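Remarks on the structure that follows.
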Amino acid sequence: MEQSWPLFLKAMSDAPRKSFPFDEFEPRWQVEWEKTRAFRTPNPGDADFDASKPKYYVLDMFPYPSGNGLHVGHPEGYTATDIIGRYKRMNGFNVLHPMGWDAFGLPAEQYAIKTGQHPRTTTERNVANFTAQLKRLGFAYDWDREVNTTDPGYFKWTQWIFLKLYNSYVGDDGKAHPISELEAKGLSREEIDAKRLAYVSSAPVNWCPELGTVLANEEVVDGKSEVGGFPVERRPMRQWMLRITAYAQRLIDELDGLDWPESIKLLQRNWIGRSEGAHVTFKVGESDVTVFTTRPDTLFGATYMVLAPEHPLLAQITTADQLAAVEAYQKSVASKSDLERTELAKEKSGVFTGAYAINPVNEEKIPIWIADYVLMGYGTGAIMAVPAHDERDFEFAKKFELPIKQVVQPPEGKDWQGFTDDGVAVNSGFLDGLTTPEAKKKIAAWLEEKGLGRGTTNYKLRDWLFSRQRYWGEPFPIVWEDGNHRSIPESELPLLPPDLDDFKPTGTPEPPLSKATDWVNYSATAKRELNTMPQWAGSCWYYLRYCDAKNPNRFISEEAERYWMGGGKPGGVDLYVGGTEHAVLHLLYARFWHKVLFDLGYVSTPEPFQRLVNQGLILGEDGQKMSKSRGNVINPDDVVAEYGADALRLYEMFMGPLEQVKPWSMNGVEGVYRFLARVWRLVMEQNQEGEWSLSSVLADVPPDKKLNKALHETIKKCGEDIEKLSFNTAISQMMVCTNAFTAAEKKPIAAVCTFLRVLSPFAPHLAEELNDRLRAAYPQFAAKGSIAHEPWPQFDPEALIVDEVEVVIQVNGKLRDKLTVPAGIAKDEMEKLALASPRAQEFIAGLTVRKVIVVPGKLVNIVAN
RNA sequence: GCCGGCAUGGCGGAAUGGUAGACGCAACGGACUUAAAAUCCGUUGGGGAGCGAUCCCCGUGCGGGUUCGAGUCCCGCUGCCGGUACCA
């Protein structure tokens, strides 16, 4: 007997008995929901569409279906939106809550290169895996609206939108117009091509030899590719660009009407990087060089000029004796990768060109240098250097012993050398004595009058490099003939990529599509564009496609767009939840496309996303970022297997505020699991054999006053907290309520059923299962169909009213006594009781009462000294 | 450097300017059990006084301030986390 115990214990620990049979009923409900299409959302025009209901569009950032499957970060945002969506449905909204796949992208292609498997095969497999994982979590998605960016029925419209960009330009009104307007005006092909929103450029780009593609600036991190961390070098190549800079100002201004976190708005504003300044033109021999400066007031202090090493005028102005040095410098900069350039950036470098410019304000001859601290891509690629009042110029001037001339007087006690803030102009002729803002205004007017310059606004934002030398992306609906590009007819969309066996990069900038020799030839004389679109393309408009996912005739019907994206606010999507990693790129690109579609009349709102919420990162149990190398990764599948989907959902919401960074804790999962088990045992009891049946302490009785109050407080607080996305406090309130139920000897059935409805958005399987079991015995109380389609319960204000309240008595702000008084007690009555309190008396003895503050029903503070 | 965010028990966290620490975890004690698991009940910020019911003092990163009253508002720091980097 004694020897058999350890064996027995071992068996127990290997297969611990579940506290409630979630493993049995969770999959059953998932099948049931799928079978009955429980969360299908009818569209305007459908027979069962109810136009009288308000809409609520709640959106998750759709995932890239990676081979690793879901991580615990995914269900965090997804559960939050699921709760909101279910709650809104219970409150009478038509809820659009869809899911899809951002399935083009480099990892599948690299896997294809390694294994020879077609990216479509791996993508399909990964999507199937993700789908199964998501379905195991019980999300109320309308799977009929699933979209996949790699589906020809989807990317047909991605290509279509590209053609809209290609065939549009931004007019003087700052809005997109069809290019046909320019044709009507008789502009030449060159003039038109120079205005398109999608245009061809051969500016230097970020070329990544390892990946065999160019990358957008945003995809280069620390001079290395964001994907894979490979070196990136700059080289000029012919590329497709999108003219997002034409929308820079609107992308800043129209943030104002959005309910986004201020920090994200700021991030976007900084990324766009508006700065006010002036263009100033300097004479260089026979030519002109224009510089951009934000400090035109310091023009008198310009002691030299710096051009970017790529500046086109260099060939012309460099003197013979400096030519070798300049060319050597240009070469050294060009061959340097961005990484090397930034690594060496601590030390300024540059070369004198031998040329001089004339400072227009005082006719002074100043030397022209080239240096890589001046970037060709910003402003005019040329600066006037004012070393006295610019840190970078100051450093450069010190290193190369260039003159430093004070033109701004700082406030008392500050050194003028390297002073970059506002002050008073000195040594500046007609500007002397003016404050910096005044001087800026005056010099701008002066420059304009003399025709030497004018006030300008500049943006850091660059045009969006839109082409990639990849296979696994949308092909461009463009062909080339006689060196000119033109669009293919819309009727030829979708343009499918060719089938390739070999996905390897060519090792040259020639894209892999060049290997499809038949496909390449559009006609005897025209060849197809070989680049593909970046992964961002598909995610720029997917939220629109969800509204009308299967429409073969239009990217979204007007009716569906007006209903789901309407609502009288600037943004159409009511709530968008996702990670901060997309704070600039995805959100900026999507806003840009949306504005173009808005200008052209294809959508009815200027912004895509009205309310944005960023979920916080989930850290490992060690408080570190989850990573394979640290071995602290939590797999949601394991959690579901051990504790169930409801427990995972609930735990992710109970961890803390949605937007906060927070560490995982398996003990915490146990905690919410125990809570769910307590709810289960409110309704169910277990016999000796371990079989569950309806609890014998359930009774058709009204709840006592205390329990009823707890219940109605829970209805009220949970509703309010869901609206605020404060799920953690909503759950704690449900725990309080459950504890109140547990304390009751008889469990009142009606109250239990009401509680289950409140619980149902959080733990839908458990709520559904218990409701189902209750219905068999008590059909008059339980929901008739799915509990998900029940209305959210109304709380009874009467139930919240209490007869007596506890008030606090303070003396000089310190808690000294507590009294229980009738709820509606008058102020002066409270004051009298407080002053009469023996404990208060003790503390005010010998003091003079100066003042008594009474907060009705809450506290009395006696001020005495 | 610059820009954001955060800072409350042993831990995750809760607190319209009004009883700091709800709720959960962990820990401890008890009930049930031959024993254990599970479950249920109770205690649990620190220090001190008392046989005890109780009571006092201190306490929300640090230093000031506003207020009858500050975790919460204002000013000045410190630390950690995230983003960004020659943008003229």
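Keep in mind the model is a prediction, meaning the values are calculated, not measured. In what follows, chains carry the letters A, B, and so on, assigned in the order in which the sequence lines appear, proteins first and then strands, with residues in each chain numbered from 1.
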Which part of the nucleic acid, if any, lies within reach of E670(A) when heavy atoms closer than 4.0 Å are counted: base, sugar-phosphate only, or nothing?
-> nothing
Counting only side-chain N and O atoms of K818(A), is one of them less than 4.0 Å from OP1 or OP2 of rU19(B)?
-> no
Partner of rA27(B) by Watson-Crick or G-U wobble geometry, both contacts under 3.5 Å, or none?
-> rU43(B)
Could you check whether T729(A) gets within reach of a base, just the sugar-phosphate, or nothing at all, counting any heavy atom under 4.0 Å?
-> sugar-phosphate
Checking rG13(B), rU19(B), rC55(B) against the side chain of R839(A) (C-beta onward), the nearest is rC55(B)
Kindly determine whether F727(A) and F654(A) satisfy ring-ring contact (aromatic ring centres under 6.0 Å, His included), including the steps that lead there.
-> CA-CA 7 Å; F727(A) 303 110; F654(A) 188 62; over 10 Å; no
Could you tell me whether R274(A) contacts a base, only the sugar-phosphate backbone, or nothing, with contacts defined as non-hydrogen atoms closer than 4.0 Å?
-> nothing
Name the orientation class of the two ring planes belonging to Y651(A) and W664(A) (parallel below 30°, tilted from 30 to 60°, perpendicular beyond 60°).
-> perpendicular
Report which part of the nucleic acid Y651(A) touches: base, sugar-phosphate, or nothing (heavy-atom distance under 4.0 Å, all strands).
-> nothing
Under a 3.5 Å cut-off for both distances, is rC73(B) Watson-Crick or wobble paired, and to whom?
-> rG65(B)
Cationic tip of K405(A) above F300(A) ring, under 6.0 Å, 45° of axis | no
Nearest-nucleotide pick for N728(A), side chain only, options being rG24(B), rU19(B), rA14(B) = rA14(B)
D817(A) CG to rG18(B) P, straight-line distance once rounded to whole Å = 21 Å
Would you indicate what K460(A) reaches in the nucleic acid, counting non-hydrogen atoms under 4.0 angstrom: base, sugar-phosphate, or nothing?
-> base
pair_partner(rA85(B)), Watson-Crick or wobble, both distances < 3.5 Å, evaluates to none
Same-atom distance (P) from rC2(B) to rU8(B), integer angstrom | 25 Å
Name the residue closer to the 5' end of RNA chain B, choosing between T380(A) and G656(A) according to the nucleotide with the nearest heavy atom.
-> G656(A)
W680(A) and F22(A): aromatic ring centres closer than 6.0 Å?
-> no
Go through the steps for F20(A) and L766(A) under the test side-chain contact (heavy atoms from CB on, under 4.5 Å), then give the verdict.
-> CA-CA 10 Å; F20(A) 64 105; L766(A) 178 64; 4.2 Å; yes
Between rC58(B) and rG9(B), how far apart are the C1' atoms? Round to whole Å, please.
-> 14 Å
Of all the nucleotides listed (rU39(B), rA14(B), rC3(B)), which has the minimum atom distance to the side chain of R681(A)?
-> rU39(B)
Distance check: side-chain N/O of R850(A) vs OP1/OP2 of rG69(B), anything under 4.0 Å?
-> no
Under 4.0 Å between a side-chain N/O of R678(A) and OP1 or OP2 of rC23(B), yes or no?
-> no
RNA chain B nearest-nucleotide lookup for E842(A) and V855(A): closer to the 5′ end is V855(A)
Is the shortest side-chain N/O distance from R269(A) to OP1 or OP2 of rC3(B) below 4.0 Å?
-> no
Look at the side chain of N667(A) and the base of rC25(B), then say whether one donor and one acceptor between them are separated by less than 3.5 Å.
-> no
On a whole-Å scale, what distance lies between the C1' atoms belonging to rC11(B) and rC32(B)?
-> 30 Å
Given rU19(B), rA14(B), rC23(B), which nucleotide is nearest the side-chain atoms of N739(A)?
-> rC23(B)
Quick one: which of rC3(B), rA88(B), rG18(B) gets closest to the side chain of L266(A)?
-> rC3(B)
Could you check whether L859(A) gets within reach of a base, just the sugar-phosphate, or nothing at all, counting any heavy atom under 4.0 Å?
-> base
Interatomic distance, M735(A) CE vs rG24(B) P [rounded to whole Å] = 6 Å
Taking only the side-chain nitrogens and oxygens of Q733(A), find out if one of them lies under 4.0 Å from OP1 or OP2 of rC23(B).
-> no
Options rU19(B), rG13(B), rC86(B), nucleotide nearest the side-chain atoms of D372(A) | rC86(B)
How is S275(A) classified with respect to the nucleic acid when contacts are heavy atoms under 4.0 Å: base, sugar-phosphate, or nothing?
-> sugar-phosphate
Of E720(A), E713(A), H712(A), the one forming a side-chain hydrogen bond (donor to acceptor under 3.5 Å, both in side chains) with K716(A) is E720(A)
Using the side-chain contact (heavy atoms from CB on, under 4.5 Å) rule, pick out the option among L835(A), V852(A), I825(A) that qualifies with M830(A).
-> I825(A)
What does rA14(B) pair with, Watson-Crick or G-U, if both distances are under 3.5 Å?
-> none
Reckon V808(A) touches a base, only the sugar-phosphate, or nothing at all at heavy-atom distances under 4.0 Å?
-> base
Gap in Å between the two P atoms, one belonging to rG42(B) and one to rG59(B), rounded = 32 Å
How far, in whole Å, is rU60(B) from rC73(B) if one measures between their C1' atoms?
-> 16 Å
Backbone of D393(A) reached by a side-chain donor or acceptor of Y304(A) within 3.5 Å | yes
Pick one for rG17(B): is it syn, with its angle within 90° of 0, or anti?
-> anti
Quick note, V736(A) side chain, CB onward, closest among rC68(B), rC23(B), rC56(B) is rC23(B)
In terms of side-chain heavy atoms of Y373(A), which of rC58(B), rC86(B), rG13(B) is nearest?
-> rC86(B)
Base-pairing mate for rC6(B) - Watson-Crick or G-U, with both contacts under 3.5 Å = rG79(B)
Should V821(A) and V805(A) count as side-chain neighbours, where that means a heavy-atom distance under 4.5 Å?
-> yes
Expressed in angstrom and rounded to an integer, what is the separation of F394(A) atom CZ from rA88(B) atom C1'?
-> 17 Å
Name the closest nucleotide to the P657(A) side chain, picking from rC56(B), rG13(B), rC68(B).
-> rG13(B)
Which part of the nucleic acid does E391(A) contact within heavy-atom distance under 4.0 Å: base, sugar-phosphate only, or nothing?
-> nothing
Tell me which nucleotide among rG18(B), rA88(B), rG13(B) gets nearest to the side chain of L375(A).
-> rA88(B)
Closer than 4.0 Å, any side-chain N/O of R674(A) to the OP1 or OP2 of rC25(B)?
-> yes
If pairing requires Watson-Crick or G-U wobble contacts with both distances under 3.5 Å, which nucleotide is the partner of rA36(B)?
-> none
